[in-house]
Asks: 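Before I ask anything, here is the structure I am working with.
Being a predicted model, the structure only gives us computed values, none of them experimental.
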Amino acid sequence: MTVRLFAFNCGWFQCKAGFFMEGSEDQTYVRSPVPAYLIEHPKGLALFDTGLGERNRREIENRLPPGKFGLELFEDMDIAARLRSIDVDPAKVDWIIASHLHNDHCGGMMFVPNATVIVQSKEWAAAQACEDPYVYNRIDFETGHKVRAIDGELDLFGDGSVTIFPTHGHTAGHQSVRIKLPKGDVILAADCCYLERSLDEMRLPGFTHDKEQAMETLKYLAAERAKGVRLFYGHDAKTWADVPQEQAIS
């Protein structure tokens, strides 16, 4: 069965470059994409992450000034607008695969009303238990969607073309997706690997739930990359510049 993959930038994450690499003293501020992906399969439509939601929306004239940490979503950048740009009705999406429940990855669930959210049970439990709204904010993920909490791998469509698998470390229940495209496998890594440089240097960010698990995840991704698997990183502005939008990824 033919699977198609589309990538969208659904917001901006502005922070010091050193945020992504523990021990880095780089104080330069960078603007990084907040990615979301549509997986189109003959049996249904699935999103991997949904980008930012309404609480991060700004008018373009009120964008973050240089040198200020924050997240921002502008007009026509939310996942619903991105889907409509390729003639996909957000109400027709069947699944939202949540890599994890930080707001830059699940905030856009509000724009996709009828999907079932797939999340690792460890992640769902951690988000429910957390009392710090700057880490997990219930506004983002308690949206009335049906939730399917899983443990470990899931072959989403039953044919091996889209496999959800745990990549714990960044959070207690982070997960990624492997997709079999006509030209080879790709992995949507999300925040288990922020940057290509993270993998090149095998360096974690300072903000990591479990560093031992996170390093094992990086080792796995490095081995997959060595086999020729294409990786899509969590917030890598450099590699994102070469990712096509509003057209299927080949």
Asks: To the nearest 0.5 angstrom, please state how far the CG atom of Leu195 sits from the CD atom of Glu201.
Replies: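 Those atoms lie 9.5 Å apart.
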
Asks: What is the ring orientation for His105 with His235, classed by angle as parallel under 30°, tilted 30 to 60°, or perpendicular over 60°?
Replies: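 His105 and His235: perpendicular rings.
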
Asks: Which of parallel (below 30°), tilted (30 to 60°) and perpendicular (above 60°) describes His102 and Phe207?
Replies: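 The rings of His102 and Phe207 sit tilted, inter-plane angle from 30° to 60°.
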
Asks: Could you tell me the separation between the CZ atom of Arg178 and the CG atom of Leu231, rounded to the nearest 0.5 Å?
Replies: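 So the gap between those two atoms works out to 9.0 Å.
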
Asks: Taking the side chain as everything from C-beta on, heavy atoms only, tell me whether Glu224 gets closer than 4.5 Å to Ile187.
Replies: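 Counting from C-beta outward, Glu224 and Ile187 do come under 4.5 Å.
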
Asks: May I ask you to decide if the ring planes of Phe48 and Tyr37 are parallel, tilted or perpendicular, using 30° and 60° as cut-offs?
Replies: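 Phe48 vs Tyr37 ring planes: tilted.
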
Asks: Aromatic rings His41 and Phe157: how do their planes relate, parallel, tilted or perpendicular, breaks at 30° and 60°?
Replies: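 If you compare the ring of His41 with that of Phe157, the planes turn out parallel.
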
Asks: Please round to the nearest 0.5 Å and tell me the distance separating atom NE2 of His100 and atom NE2 of His174.
Replies: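 The NE2 atom of His100 sits 5.0 Å away from the NE2 atom of His174.
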
Asks: Which value, rounded to the nearest 0.5 Å, describes the distance between Glu123 atom CD and His170 atom NE2?
Replies: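 The distance works out to 8.5 Å.
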
Asks: Indicate, with yes or no, if the rings of Trp12 and Phe74 have centres closer together than 6.0 Å.
Replies: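 They do not qualify: ring centres at least 6.0 Å apart.
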
Asks: Identify the residue among Phe69, Tyr29, Trp240 that makes a ring pair (Phe, Tyr, Trp, His ring centres under 6.0 Å) with Phe13.
Replies: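 Single pass found, and it is Phe69.
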
Asks: Is Glu72 paired with Arg31 through a side-chain N to carboxylate O contact shorter than 4.0 Å?
Replies: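 Yes, Arg31 and Glu72 are salt-bridged.
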
